[in-house]
4 protein chains.
Amino acid sequence: MHEAVLAIVAERPMAALTMEGIAARASVSKQTLYRTWPSTSAILFDALLARSLDESGAVVVPDSGDLAADLRLLIAGMVGELTDPVHGALLRAVTADILGDEALAAQHRELLLRPQLAAIADRLARAGVTDAEDAAELLVGPVLHRWLLRTRRFDEAWVAAHVGRVLRAVALA
Amino acid sequence: MHEAVLAIVAERPMAALTMEGIAARASVSKQTLYRTWPSTSAILFDALLARSLDESGAVVVPDSGDLAADLRLLIAGMVGELTDPVHGALLRAVTADILGDEALAAQHRELLLRPQLAAIADRLARAGVTDAEDAAELLVGPVLHRWLLRTRRFDEAWVAAHVGRVLRAVALA
Amino acid sequence: MHEAVLAIVAERPMAALTMEGIAARASVSKQTLYRTWPSTSAILFDALLARSLDESGAVVVPDSGDLAADLRLLIAGMVGELTDPVHGALLRAVTADILGDEALAAQHRELLLRPQLAAIADRLARAGVTDAEDAAELLVGPVLHRWLLRTRRFDEAWVAAHVGRVLRAVALA
Amino acid sequence: MHEAVLAIVAERPMAALTMEGIAARASVSKQTLYRTWPSTSAILFDALLARSLDESGAVVVPDSGDLAADLRLLIAGMVGELTDPVHGALLRAVTADILGDEALAAQHRELLLRPQLAAIADRLARAGVTDAEDAAELLVGPVLHRWLLRTRRFDEAWVAAHVGRVLRAVALA
DNA sequence: TTGTAACCGAGACGGTACGTCCGGTCTTTGT
DNA sequence: ACAAAGACCGGACGTACCGTCTCGGTTACAA
């Protein structure tokens with residue numbers, strides 16, 4: 001199922017993700033889909049969840065002792081995921097769905113976003129940052145902004161500079 | 001037309017914004033819509049554009065000399081727009097559309113986002129900030145993050161703290 | 001379905017027979033109609049076919065031994081059908097469609113017209129008429145003419161006179 | 001205008017005759033059409049009328065003294081018109097319209113059909129036929145039947161045999 | 001071994017919206 | 001002034017999916 005969803009999301013415009021299409025692609029009857037998921041959004045989110053809980057799909061927060069280096073690695077990892085054709089498309093699709101479905105948004109928040117942000121905040125707190133949650137937001141927010149609105153491409157220099165700014169903001173540089 | 005779109009967006013789930021519905025609400029034939037716009041996304045964006053170019057709908061960057069105060073005002077203004085029931089819903093709908101339509105994303109970028117960010121960057125540059133564009137992103141990104149992903153509510157204290165962090169990041173505090 | 005078609009044809013102008021209308025009247029979705037028939041013409045013809053294959057709707061050729069009497073009965077039966085408000089309207093509608101659709105015309109010819117004419121020709125041949133097919137045409141043609149072009153009303157006297165003329169034409173009176 | 005109508009009728013399926021199409025083909029605005037005719041049927045009938053009143057388009061009843069020969073010529077002329085690609089298509093289209101529009105049918109009857117039948121009846125009466133109108137119907141009906149229902153092609157032998165039968169029917173052969 | 005479930009694919013069904021076309025009416029524009 | 005150009009509302013066109021439903025045909029466990 002997830003495979004079918006990923007394939008469609010990766011190779012066709014978002015509006016082409018339909019129950020009918022997924023069922024056809026997965027050689028499954030529509031009823032089988034509806035038995036498990038109420039909507040394409042739900043399948044989509046499930047696929048993202050599976051991929052993220054999988055060891056290979058998760059972005060982990062490194063902890064080497066060198067905070068700046070760790071954050072650069074973390075952000076580089078995120079950027080890698082966001083720019084990956086398949087995972088990027090998947091994330092974009094889920095994000096779009098979230099905007100119009102508060103229930104889905106809540107799930108996404110609790111199961112994916114909050115743990116992710118908590119892990120980052122934790123790493124920052126361990127390095128002595130106060131207001132670690134706000135700091136985590138300061139770190140991640142601009143990445144989301146640049147990716148979502150496609151204002152500019154990511155590059156290594158920007159990642160380093162961004163991490164530098166964030167560390168200065170929390171008075172650790 | 002815009003009025004009809006705003007009404008529907010404000011009071012019904014996003015999926016209920018259809019060409020048929022807009023036509024009915026605006027007492028207009030479908031063909032009249034299709035003559036001007038190819039999709040609901042286009043009408044939606046047009047409505048946002050109209051509202052933003054209108055003097056009353058735009059967020060302007062204040063310039064009183066006191067940078068911190070100005071940024072707090074600016075962010076408070078943004079937050080006000082984002083949390084306004086009508087405008088917020090409109091922005092959410094357009095943002096969702098942008099995620100699945102690169103052409104629309106480009107328009108949004110050029111006509112709304114870039115000028116907005118440029119204005120902010122300009123204000124920062126005038127205060128002596130280098131890398132003003134990145135700084136603008138640092139300022140706006142976390143706001144987008146919090147709004148889009150609905151992680152936490154906005155409040156005045158956070159706005160002030162956030163502006164403080166950004167100013168520290170650009171070494172002006 | 002047939003019932004809905006008959007009702008519409010009987011009580012409204014021919015142009016008002018639409019897929020949309022039939023679907024509504026039959027409390028059926030448009031797709032259900034399109035799954036079975038490609039056009040209103042096809043449904044119409046199907047309704048006529050059903051009615052004609054039904055024992056109650058068919059005009060049978062009587063065979064009592066008295067040819068003149070039999071033909072008078074036959075023509076009277078035809079006239080009865082053609083002047084019946086419902087069946088007449090149905091026939092008129094199908095005839096109009098036939099004029100613009102050769103495929104439909106062929107079906108009509110093979111399934112309804114030819115058997116009908118063959119039965120008449122058979123009756124005539126049994127009475128010793130040569131060129132029975134042409135004679136059948138001579139019998140039926142003027143009825144069609146008078147009905148289709150609405151030149152004059154039918155009455156019993158005309159039927160008798162007409163049959164007399166036809167029998168004289170084939171040299172049996 | 002008539003030219004445009006004839007062209008469309010001759011080269012495209014009947015359903016393709018639209019006000020919009022005629023206007024385009026004749027390089028005329030729709031309003032100009034509506035100023036003169038209320039429907040495509042009306043234009044169509046007008047075109048037929050013009051062509052029939054024109055000396056070249058009318059079928060005249062010959063009167064050489066030899067009734068059989070005259071009728072054979074008359075029927076052959078009719079058959080020629082009915083099988084002509086352009087005029088035949090025009091007649092077919094008008095006939096279809098007549099079936100669904102009593103007002104149009106009345107016009108057709110008064111302006112074209114009745115004079116035509118009267119002329120034939122007149123010729124027959126002059127030759128001593130009683131019930132000349134019914135005889136005219138007997139002559140013309142089977143031609144209509146064969147043409148309209150496309151049962152069989154016309155040929156010279158049939159024309160001669162048919163005329164023979166009709167003359168026998170009216171007791172003149 | 002033979003029921004007897006549970007589950008599945010296939011796909012019909014009543015719906016809603018799609019994007020297009022045409023019917024008529026009315027307004028604007030140019031000659 | 002009059003006609004072309006074409007905007008406009010209404011509504012049918014034929015198509016795609018929606019979510020629900022019944023239908024047979026398996027597996028797989030129980031009697």
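Within every chain, numbering begins at 1; the chains are lettered A, B, ... in the order of the sequence lines, protein sequences first and strands thereafter.
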Engineer: Could you check how far CD of B/Glu20 sits from C1' of F/dC9, rounded to whole Å?
Structural biologist: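 Rounding to the nearest Å, CD of B/Glu20 and C1' of F/dC9 are 14 Å apart.
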Engineer: How close or far is atom C1' of E/dG24 from atom CD1 of D/Ile43, stated in whole angstroms?
Structural biologist: 13 Å
Engineer: For D/Leu17 and E/dC22, what is the distance between atoms CG and P respectively, to the nearest whole Å?
Structural biologist: 11 Å
Engineer: Where each residue is assigned the nucleotide of DNA chain E containing its nearest heavy atom, which of D/Thr18 and A/Ser29 is assigned the position nearer the 5′ end?
Structural biologist: A/Ser29
Engineer: Whole angstrom is fine here: how far is it from CG in B/Leu33 over to P in F/dA7?
Structural biologist: 14 Å
Engineer: Give a yes or no on whether a salt bridge exists between A/Arg25 and A/Glu3, defined as a side-chain N under 4.0 angstrom from a carboxylate O.
Structural biologist: no
Engineer: Looking at E/dC26, does its base get a donor-acceptor pair with the side chain of D/Gln31 below 3.5 Å?
Structural biologist: yes
Engineer: Within the 4.5 Å heavy-atom criterion, are B/Ile22 and B/Thr18 side-chain neighbours or not?
Structural biologist: no
Engineer: Calculate the interatomic distance between A/Trp37 atom CH2 and F/dG19 atom C1'; express it in whole Å.
Structural biologist: 16 Å
Engineer: Report the distance from atom CZ of A/Arg35 to atom C1' of F/dG19, rounded to the nearest whole Å.
Structural biologist: 14 Å
Engineer: How would you label the contact of A/Ser27 with the nucleic acid (heavy atoms, under 4.0 Å): base, sugar-phosphate, or nothing?
Structural biologist: sugar-phosphate
Engineer: Could you check whether the side chain of C/Lys30 and the base of F/dG14 have a donor-acceptor pair of N or O atoms closer than 3.5 Å, going by distance alone?
Structural biologist: yes
Engineer: Would A/Arg109 and A/Glu102 pass as an ion pair if we require N to O under 4.0 Å?
Structural biologist: yes
Engineer: Closest approach of A/Leu44 and A/Ala93, non-hydrogen atoms and distance?
Structural biologist: CD2-CB, 3.5 Å
Engineer: If the cut-off is 4.0 Å, is D/Thr32 near the phosphate of F/dA4, judged by side-chain N/O to OP1 or OP2?
Structural biologist: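 Indeed, a polar side-chain atom of D/Thr32 lies that close.
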Engineer: Given atom CE of C/Met19 and atom C1' of E/dT16, what is their separation to the nearest angstrom?
Structural biologist: 18 Å
Engineer: How many Å lie between OH on A/Tyr34 and P on E/dG9, as a whole number?
Structural biologist: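 About 15 Å, once rounded to whole Å.
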